[in-house]
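In what follows, every chain begins at residue 1, and chains take the letters A, B, ... in the order their sequences are listed. Atoms considered below: every heavy atom in the structure, side chains included; atoms not considered: hydrogens, waters and symmetry mates.
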2 protein chains.
Amino acid sequence: MTKMTDLKGAKALPLNTILAGDCIEAMQALPDASVDLIFADPPYNLQLKGELHRPDNSRVDAVDDHWDQFQSFAAYDAFTRAWLAEAKRLLKPNGALWVIGSYHNIFRVGSALQDHGFWILNDVVWRKSNPMPNFRGKRLTNAHETMIWASKEEGAKYTFNYEALKSLNEGIQMRSDWVLPICNGGERLKDEHGDKAHPTQKPEALLHRVLVGSTNVGDVVLDPFFGTGTTGAVAKMLGRDWIGIEREPAYRAVAERRIAGVRKFDKTALEVTRAKRAEPRVPFGQLVERGMLRPGETLVSATGKSARVRADGTLVGLDVKGSIHQVGAHLEGAPSCNGWTYWHFKRDGKTVPIDVLRQQIRAEMAGG
Amino acid sequence: MTKMTDLKGAKALPLNTILAGDCIEAMQALPDASVDLIFADPPYNLQLKGELHRPDNSRVDAVDDHWDQFQSFAAYDAFTRAWLAEAKRLLKPNGALWVIGSYHNIFRVGSALQDHGFWILNDVVWRKSNPMPNFRGKRLTNAHETMIWASKEEGAKYTFNYEALKSLNEGIQMRSDWVLPICNGGERLKDEHGDKAHPTQKPEALLHRVLVGSTNVGDVVLDPFFGTGTTGAVAKMLGRDWIGIEREPAYRAVAERRIAGVRKFDKTALEVTRAKRAEPRVPFGQLVERGMLRPGETLVSATGKSARVRADGTLVGLDVKGSIHQVGAHLEGAPSCNGWTYWHFKRDGKTVPIDVLRQQIRAEMAGG
DNA sequence: CGTGACCATGAATCGAAGT
DNA sequence: GACTTCGATTCATGGTCAC
């Protein structure tokens with residue numbers, strides 16, 4: 001599997017291997033302009049204070065690894081600029097870079113790569129379908145991560161397989177927001193104790209989309225923060241060459257074993273089966289936010305009950321407050337109630353079920 | 001409509017007015033620590049080379065206004081740091097800032113606000129349900145914008161109406177990705193020629209969610225890049241005071257007219273589901289004092305533990321004495337425990353959580 | 001073997017009030 | 001300002017085990 005490629009008789013390119021050691025030093029040992037794509041998942045520089053418990057008092061196993069510890073933004077910025085400088089040197093003129101991060105680090109990384117002359121092509125949002133909730137109710141659920149896709153410089157002829165991504169998206173242009181589940185279940189690698197082998201293993205689906213969209217078969221993909229080798233595994237499946245850099249021996253061992261077990265896809269295996277999506281849930285509050293219903297407006301039921309809309313998307317009836325479903329159920333003395341068909345609003349003298357408004361929103365979502 | 005508020009006899013706060021002029025100079029004329037929330041939609045620093053055409057050769061009316069032109073990242077950064085410095089000065093200690101941007105500028109803005117000591121609470125993705133497609137098929141459809149929500153500094157007690165946002169989302173925690181349509185149709189303001197009055201008018205639904213989630217009725221909201229006044233319009237509807245700053249007379253004129261036509265929602269519509277934490281505290285001892293529980297009575301937990309009530313409102317378990325919370329936590333070996341939901345008493349053969357008694361007392365307090 | 005109850009867990013900058 | 005106490009707070013998914 002391992003190939004060594006000589007470029008102009010200079011430094012060799014250790015294809016399909018994991019290089020041990022610090023990512024910057026390892027990159028320095030690689031030749032100029034030798035890599036088609038870099039996918040980087042650098043430390044996020046989380047700054048966690050104490051412990052966090054779930055409402056059931058179980059402890060959250062947070063990312064507190066030594067490799068994610070930086071003294072200050074200045075220290076993190078210095079580290080970022082150092083590896084980005086090497087990344088730029090290693091890229092072929094028409095190469096490109098992907099970086100993934102969260103709000104803790106992504107603004108630092110984005111500014112730094114602009115300062116280095118990289119040219120941002122898109123920022124891409126990974127919308128997690130099953131994120132960890134916010135347990136204390138103090139912020140919004142942190143339900144996404146951000147990727148930046150950038151060419152080596154302005155005007156470069158980067159690779160973009162427009163039609164392939166369009167096909168992956170059921171014939172519609174691929175958007176800058178990707179809904180994918182986090183990595184768990186059988187894909188999540190475990191150590192000998194049955195614990196997660198790496199705290200932040202990325203889903204293969206994410207890399208699949210990145211590599212299908214921005215590389216061709218035979219391209220060289222470098223991942224300087226290789227971890228358990230998701231980039232290498234997906235690159236191998238897709239017939240791309242890869243190089244990984246990883247400092248931690250334990251991660252390297254897991255990645256070696258993992259990639260050895262991966263088979264390159266044949267053509268038929270690359271065809272993707274796509275399930276029809278369920279109808280998206282539309283919160284009633286969205287009708288209020290979007291001005292389709294006004295706070296203070298009165299809704300009526302076919303049974304003659306009424307209630308008024310509040311700004312947060314709840315209803316107030318005579319002696320009850322709550323969701324459209326709760327208030328309907330209460331007014332009818334019923335155990336449950338479908339508020340969407342129960343409640344009606346008036347327009348131009350006509351009484352219309354609020355479900356009509358939900359259908360409008362769904363139509364827009366499907367169109368978009 | 002216009003109110004003038006004097007703070008310590010110093011500079012006055014021109015509530016519910018649009019200030020003309022440069023945003024930094026106008027901010028400098030406002031007093032320290034006087035504003036609860038800042039919503040900022042600064043220039044995006046778009047870098048379009050030449051014109052963009054659709055496949056049918058019609059010209060895309062891109063943002064090429066003079067106010068969006070910066071010579072370099074350095075110039076944009078200097079501008080960003082200047083207005084952020086004023087923003088920080090104007091915010092009350094527990095105030096917060098929202099900024100919206102795209103990949104052209106948001107990394108610069110995010111880095112700058114971290115450098116200024118703002119504390120990022122979330123980055124929020126506005127996922128557009130109907131974005132403009134990518135006509136050339138050279139990149140992903142740019143289908144989202146990014147907002148950053150930050151408190152004035154680490155540890156500040158920012159406003160977050162968790163329950164209200166949860167209600168807006170039909171009982172499920174609000175996530176960091178918000179699906180909303182772009183502003184068009186009747187909401188999109190037109191000038192006298194029927195052209196769009198402003199190139200980047202934000203949807204009211206976006207501001208509705210921001211203001212419901214991070215301000216209270218009567219708060220002061222500042223928008224230093226007021227444009228056509230979406231922030232002011234939604235603030236007025238929601239019973240918040242607002243201040244706008246806008247340099248372009250044409251935008252100011254549109255905004256004035258628009259906001260004059262807005263009606264404030266009435267009081268009940270503006271009431272929002274509140275957090276339990278906001279309810280008055282009831283000491284457990286009061287249940288004993290009032291005879292709702294007798295000293296010596298046994299309380300039980302769903303897990304089969306038990307403890308006896310003492311006359312001073314503490315509990316005694318097998319090997320532990322203390323508050324309802326302390327004894328519950330100890331018996332479960334948990335870091336903490338909400339004794340109100342943990343402990344139950346028996347009446348008429350039924351097992352009832354003691355929280356029911358607390359609710360009785362609170363109902364009496366509310367009734368008079 | 002199917003179903004459902006129950007449990008575990010994921011890149012997290014995750015209190016507020018009183019003494 | 002440090003310290004103690006009160007007591008609020010979770011969604012989706014996958015795996016295990018009882019029935």
Side-chain angles (χ1 to χ4, degrees), chain A residues 41-65 67-70 73 76 100-106 126 128-146 181-188 190 194-196 198-203 225 227 281, chain B residues 94 114 118-123 149-151 153-158 160 162-163 166 169 171-176 275-285 313-314 322-326 328-329 334-343 354-355 358:
Chain A
D41 183 10
Y44 284 12
N45 191 25
L46 300 185
Q47 292 149 53
L48 305 176
K49 295 298 186 283
E51 291 206 327
L52 178 65
H53 292 86
R54 299 188 176 79
D56 66 3
N57 273 321
S58 64
R59 199 178 73 83
V60 174
D61 182 21
V63 176
D64 54 358
D65 305 75
W67 47 255
D68 197 42
Q69 309 294 323
F70 292 84
F73 281 132
Y76 188 80
I100 183 166
S102 67
Y103 65 85
H104 310 86
N105 71 324
I106 198 66
W126 168 25
K128 302 179 184 182
S129 54
N130 51 348
M132 184 163 65
N134 185 295
F135 296 116
R136 302 299 293 266
K138 303 313 285 183
R139 302 185 178 189
L140 301 164
T141 301
N142 215 332
H144 74 275
E145 293 185 22
T146 301
I182 60 175
C183 179
N184 56 14
E187 188 185 327
R188 188 78 194 225
K190 300 287 176 10
D195 299 323
K196 56 191 175 193
H198 191 282
T200 70
Q201 185 184 341
K202 295 292 174 291
F225 307 95
R281 196 176 61 87
Chain B
N94 296 328
Q114 286 179 317
F118 284 97
W119 192 246
I120 298 182
L121 300 168
N122 279 114
D123 60 335
W149 175 36
S151 62
E153 55 201 355
E154 186 181 356
K157 295 188 177 120
Y158 56 93
F160 181 50
Y162 173 74
E163 289 292 344
K166 192 171 168 180
N169 196 29
I172 294 168
Q173 272 190 351
M174 186 68 80
R175 301 168 38 118
S176 59
K276 285 183 193 162
R277 209 177 264 121
E279 302 205 42
R281 200 177 77 87
V282 177
F284 175 73
T314 55
S323 73
I324 52 172
H325 315 294
Q326 290 166 340
S336 68
C337 171
N338 183 345
W340 290 106
T341 52
Y342 180 77
W343 292 111
I354 60 174
D355 201 34
R358 180 171 67 162

query: Any sub-3.5 Å donor-acceptor pair from A/D41's side-chain atoms to A/F225's backbone N or O?
result: no

message: Strictly distance-based, threshold 3.5 Å: is any side-chain N or O of B/Y342 a donor or acceptor partner for the main-chain N or O of B/I324?
response: no

Specify the separation, in whole Å, of atom [atom1] of [X] and atom [atom2] of [N].
| X | N | atom1 | atom2 | value |
| --- | --- | --- | --- | --- |
| A/I182 | D/dG14 | CD1 | C1' | 11 Å |
| B/K157 | C/dA17 | NZ | C1' | 8 Å |
| A/E187 | D/dT13 | CD | P | 15 Å |
| B/E154 | C/dC14 | CD | C1' | 13 Å |
| B/Y342 | D/dT5 | OH | C1' | 19 Å |
| A/L48 | C/dG15 | CG | P | 12 Å |
| A/D41 | C/dA11 | CG | C1' | 9 Å |
| A/L52 | C/dG10 | CG | P | 13 Å |

message: With hydrogens left out and only the distance checked, is there a donor-acceptor pair under 3.5 Å joining B/N122's side chain and the base of C/dA12?
response: no

query: Hey, is the side chain of A/K202 pairing donor to acceptor with the base of C/dA11 inside 3.5 Å?
result: yes

Heavy atoms only, 4.0 Å cut-off, all strands: where does [X] land among base, sugar-phosphate and nothing?
| X | answer |
| --- | --- |
| A/P203 | nothing |
| A/S102 | nothing |
| A/N45 | nothing |

query: What distance do A/E145 atom CD and A/T200 atom OG1 have between them, rounded to the nearest 0.5 Å?
result: 8.5 Å

Point-to-point distance, once rounded to the nearest 0.5 Å, from CG of A/N134 to CZ of A/R139: 8.0 Å

field: OP1 or OP2 of C/dG10 under 4.0 Å from side-chain N/O of A/K196
entry: yes

task: Please measure how far the P atom in D/dT9 lies from the corresponding atom in C/dT9, and state the result in whole Å.
output: 25 Å

- request: Report the C-alpha distance between B/W149 and B/Y158 in whole Å, list the side-chain angles of each, state the deciding distance to 0.1 Å, and finish with yes or no for ring-ring contact (aromatic ring centres under 6.0 Å, His included).
  value: CA-CA 10 Å; B/W149 175 36; B/Y158 56 93; 5.5 Å; yes

- request: Taking Watson-Crick and G-U wobble pairs with both distances under 3.5 Å, convert DNA chain C into its dot-bracket string, 5' to 3', dots for unpaired and | for cross-strand pairs.
  value: .|||||||||....|||||

More than 12 heavy atoms of other groups within 6.0 Å of A/K49 NZ: yes

task: Would you check, one step at a time, whether the test side-chain contact (heavy atoms from CB on, under 4.5 Å) holds for A/H144 with B/N122?
output: CA-CA 10 Å; A/H144 74 275; B/N122 279 114; over 6 Å; no

- request: Inspect the contact between B/E279 and B/R358 and indicate whether a charged nitrogen and a carboxylate oxygen are less than 4.0 angstrom apart.
  value: no

query: Of all residues at least two apart in sequence or in a different chain, which pass the salt bridge (Lys or Arg N to Asp or Glu O under 4.0 Å) check with A/D64?
result: none

- prompt: So, do B/H325 and B/W340 sit near enough that their side-chain heavy atoms are less than 4.5 Å apart?
  reply: yes

statement: Per-nucleotide protein contact along nucleotides 6-12 of chain D, 5' to 3', at a 4.0 Å heavy-atom cut-off (B base, S sugar-phosphate only, - neither), is SBBBBBS

- request: Map B/Q114 and A/K138 onto DNA chain C by nearest heavy atom, then report which one ends up closer to the 5' terminus.
  value: B/Q114

